[in-house]
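Just below is one structure, and these are the notes that go with it.
Keep in mind the model is a prediction, meaning the values are calculated, not measured. Letters go in sequence order (proteins before strands), and every chain restarts at 1.
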There are 2 protein chains.
Amino acid sequence: MFLMMEAQIDEILRKNQLSVTGSRKRILELFLMSNGALAHGDIEKKTGEKFDRVTVYRTLQTFLEKGIIHSIPTPDNSVLYALCKDDCSEGHHHDNHVHFICSICGKTICLADVTVPEVKLPVGFLPHEYQMVVTGLCKECR
Amino acid sequence: MFLMMEAQIDEILRKNQLSVTGSRKRILELFLMSNGALAHGDIEKKTGEKFDRVTVYRTLQTFLEKGIIHSIPTPDNSVLYALCKDDCSEGHHHDNHVHFICSICGKTICLADVTVPEVKLPVGFLPHEYQMVVTGLCKECR
DNA sequence: AATCTTTTTGCAACAAAGTTGCATGTGATT
DNA sequence: AATCACATGCAACTTTGTTGCAAAAAGATT
Ligand SMILES: [Mn+2]
Ligand SMILES: [Mn+2]
Ligand SMILES: [Zn+2]
Ligand SMILES: [Zn+2]
């Protein structure tokens with residue numbers, strides 16, 4: 001099963017024309033293993049002293065640009081990242097799903113099946129993208 | 001008309017049991033004059049060298065706690081603040097309106113009349129607060 | 001108006017978060 | 001194996017946010 005994961009990681013990187021390196025493999029692995037979104041800090045902690053802080057920044061930046069991950073705005077203005085669905089491509093994301101943040105455990109979860117509803121805006125406003133974040137209690141913490 | 005504003009500022013501060021000081025008056029004035037949300041940096045620039053950076057941080061913190069302003073999460077994870085409606089009080093905000101961010105001019109606007117719709121979540125999730133941010137083009141930039 | 005008390009402010013020092021340039025190391029291609 | 005482009009680590013730096021404390025200003029009391 002770990003071999004499967006490794007193959008999957010390789011495939012994702014190749015598909016996005018990225019060379020397969022240690023930090024990229026490790027960070028992508030973290031995302032695949034995690035059920036919630038990750039902050040830059042989380043990744044730094046989990047990779048330990050293995051990689052430079054700068055490398056983590058640049059890797060996340062690269063993944064963002066390639067559409068491998070997307071960032072999530074949170075009410076406390078911290079930066080979170082989560083895997084995109086397969087069909088996100090460079091530049092054009094379509095992760096228009098709701099994000100849920102648990103007030104107790106702090107975990108942020110992509111509700112991939114809950115689509116962000118469109119709302120009617122006042123005249124003059126031309127909407128492009130809708131984002132929705134819900135805070136509350138998750139399954140484990142309620 | 002400027003006298004009116006000054007009176008209004010005084011009233012807001014008094015109503016919230018805050019002493020009326022130079023920085024609080026000035027920063028509150030900036031919010032009342034602005035039609036969009038303000039970032040910490042905006043405020044620093046507009047107050048010039050008048051007040052210390054730390055004072056701006058603390059003033060915003062105080063206004064937040066008192067329910068005079070609310071913060072807005074943005075897709076690029078910067079921190080924005082905007083005035084609350086009159087009936088927000090300490091701790092309990094009810095600014096459950098949609099926020100609009102223009103991709104051209106960058107202005108962030110409170111759509112006070114557009115209520116955030118509630119969505120049905122998967123079983124197990126207990127929602128508490130819904131936040132919604134829409135990006136696109138504003139009236140002036142479209 | 002003068003005095004006392006409480007709160008706010010500015011300063012300095014610090015901590016955390018993020019950026020940039022450049023030399024070196026590694027992965028991909030032939 | 002040799003080459004070349006790209007990714008990484010390091011150092012130095014900027015930007016952003018925090019904390020403790022003394023001085024200053026605001027509010028209350030006489
Ligand atoms: Mn997501
Ligand atoms: Mn608002
Ligand atoms: Zn939880
Ligand atoms: Zn605009």
Please report, rounded to the nearest Å, how far the [atom2] atom of [N] is from the [atom1] atom of [X].
| X | N | atom1 | atom2 | answer |
| --- | --- | --- | --- | --- |
| A:Y81 | C:dA17 | OH | C1' | 11 Å |
| A:Y57 | D:dA12 | OH | C1' | 16 Å |
| B:D10 | D:dG27 | CG | P | 9 Å |
| B:E44 | D:dT16 | CD | P | 8 Å |
| B:L13 | D:dA26 | CG | C1' | 13 Å |
| B:Q61 | C:dT8 | CD | P | 13 Å |

Under a 4.5 Å cut-off applied to non-hydrogen side-chain atoms, are [X] and [Y] in contact?
| X | Y | result |
| --- | --- | --- |
| A:Y81 | A:I69 | yes |
| A:N35 | A:K107 | yes |
| B:P122 | A:V114 | yes |

I'd like to know if B:D42 pairs up with B:K46 as an ion pair, taking the criterion as any Lys NZ or Arg NE/NH1/NH2 lying under 4.0 Å from an Asp or Glu carboxylate oxygen.
no
Between protein and nucleotides 5-9 of chain D, what N or O pairs are separated by less than 3.5 Å?
from  : atom 1 : to    : atom 2 : distance (Å)
D:dA7 : OP1    : A:R24 : NH1    : 3.1
D:dA7 : OP1    : A:R24 : NH2    : 2.9
D:dA7 : O5'    : A:R24 : NH2    : 3.0
D:dT8 : OP1    : A:T21 : OG1    : 2.8
D:dT8 : OP1    : A:S23 : OG     : 2.3
D:dG9 : OP2    : A:D52 : N      : 3.2
D:dG9 : OP2    : A:T55 : OG1    : 2.4
D:dG9 : N7     : A:R58 : NH2    : 3.2
D:dG9 : O6     : A:R58 : NH2    : 2.6

One pair to check against salt bridge (Lys or Arg N to Asp or Glu O under 4.0 Å): A:R26 and A:E29. What are the steps and the verdict?
CA-CA 5 Å; A:R26 181 75 183 105; A:E29 184 186 36; 2.8 Å; yes
For B:A112, which residues count as a side-chain contact (heavy atoms from CB on, under 4.5 Å) partner, sequence neighbours excluded?
none
Does A:R53 get its side chain close enough to the base of C:dG18, under 3.5 Å, for a donor-acceptor pair?
yes
Nearest-nucleotide pick for B:V20, side chain only, options being D:dG27, C:dG18, D:dT18
D:dG27
